[in-house]
Amino acid sequence: MKLSVSTWNINSVRLRIDQVERALGEIAPDVLCLQETKCPDNCFPLKALQGFGYPHVVQVGQKGYNGVAILSRFPFAKVEPQNWCERQDARHIAVTLGPEAGEAAGFEIHNFYVPAGGDVPDPELNPKFKHKLQFLAEMRDWAGRRGKRPTIVVGDLNVAPLEHDVWSHKQLLDVVSHTPVETEALETLRQEGAFIDCARHLTPEPTKIYTWWSYRSPDWAAANKGRRLDHVWISDDLGSTLRSVDIHGDARGWMRPSDHVPVTATLEF
DNA sequence: ATGGTCGATCTTCGA
């Protein structure tokens, strides 16, 4: 059987509900993980999402900021949102797939929205950057302690870890998302958690891969100054099952797009 | 060193 999992920072699920429908129709993943739903719980468009063919939907939200959701064709055996950095920030939700998922039953799927970290890459001067580093440190703890269940980690991790995950390694070394303290933290936690970076497993460097293009670039497609901020990782026990990774770059060209595009990994076992 | 553009919200903050 195959299992496909997509991740997408939607930057307001209410504003872009039609684009969620379109993406689900075109990609047809088994599971879609959304970040930045920007939606308080009592406004979450649950019925609309279920109507797109994904009856199993869980989310944590808050007013105006953050928010993560998981949509699935399969039921969940367990749902575990988790708080990080002693805040109730709606930056993580995890599910365990139920027996209806067949050979994927018992798989854990973790959906993260890592803090962006503000503009100044100095934790002493910028509390947002300090928060980001603390969040990554807590993820490292979590990765090192996690159980041995087959696990998929996805999300907007807000770090472009490798040289060719950004349009200019040199010019972005001092830019939040690509500073050495962040890239080393993300790579360390990934390795300690024994996770495979799916996109890079199939498309090694020096091929450039981007999943995000700033709104501030007037001609984003021609300039192509992107960064790879959105990731799909699988635990190493799933390594032999990875079949493909798709970066749905065309979604950046849709009307009133998110600044991030969907990323989909397909496993087969 | 700064601006550029978005989205949610309540005139500014976070990205």
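Since we're looking at a predicted model, the values are computed, not measured. Proteins get letters first, then strands, A, B, ... in listed order; numbering begins at 1 in each.
Spacing between dT9(B) and dC13(B) at atom P, rounded to whole Å, works out to 16 Å. Rounded to whole Å, the separation between the P atoms of dT5(B) and dA1(B) comes to 22 Å. For the C1' atoms, the distance linking dG14(B) with dC10(B) amounts to 15 Å, nearest Å. Spacing between dG4(B) and dA15(B) at atom C1', rounded to whole Å, works out to 13 Å. Going from the C1' atom of dG7(B) to that of dT11(B) covers 14 Å, rounded to whole Å.
Salt-bridge annotation for Arg228(A) and Asp197(A): present, with a side-chain N of the basic residue lying under 4.0 Å from a carboxylate O of the acidic one. Taking a cutoff of 4.0 Å between a charged side-chain nitrogen and a carboxylate oxygen, Asp237(A) and Lys148(A) do not qualify as a salt bridge.
Seen from the ring of Trp84(A), Arg91(A) does not count as a face-on cation partner, given the 6.0 Å and 45° thresholds.
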Output field dot_bracket for DNA chain B (Watson-Crick or G-U, both distances under 3.5 Å, | for other-strand pairs) contains ....((((...))))
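The aromatic ring centroids of Trp8(A) and His260(A) lie 6.0 Å or more from each other. In summary, the aromatic rings of Trp142(A) and His110(A) are positioned with their centroids under 6.0 Å apart.
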Whether each nucleotide of nucleotides 9-15 of chain B has a protein heavy atom under 4.0 Å at its base (B), only at its sugar-phosphate (S) or at neither (-) is summarised, 5' to 3', as SS---SB
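Partner of Leu157(A) under the side chain to side chain contact (heavy atoms under 4.5 Å, CB included) criterion, chosen from Phe135(A), Phe112(A), Tyr113(A): Phe112(A).
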Please test Tyr210(A) against Asp230(A) for side-chain hydrogen bond (donor to acceptor under 3.5 Å, both in side chains), starting from the C-alpha separation and ending with a verdict.
CA-CA 8 Å; Tyr210(A) 310 137; Asp230(A) 303 276; over 6 Å; no
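Aromatic ring orientation, His56(A) versus Phe76(A): perpendicular (interplanar angle above 60°, classes split at 30° and 60°).
When the P atom of dA1(B) is taken as reference, atom CG of Leu125(A) falls 12 Å away, rounded to whole Å. Atom P of nucleotide dA8(B) and atom CD1 of Ile17(A) are separated by 12 Å, given to the nearest angstrom.
Within the 3.5 Å criterion, the main-chain N or O of Val176(A) finds no donor-acceptor partner in the side chain of Thr179(A).
Residue Arg256(A) has a polar side-chain atom (N or O) positioned under 4.0 Å from OP1 or OP2 of dG7(B).
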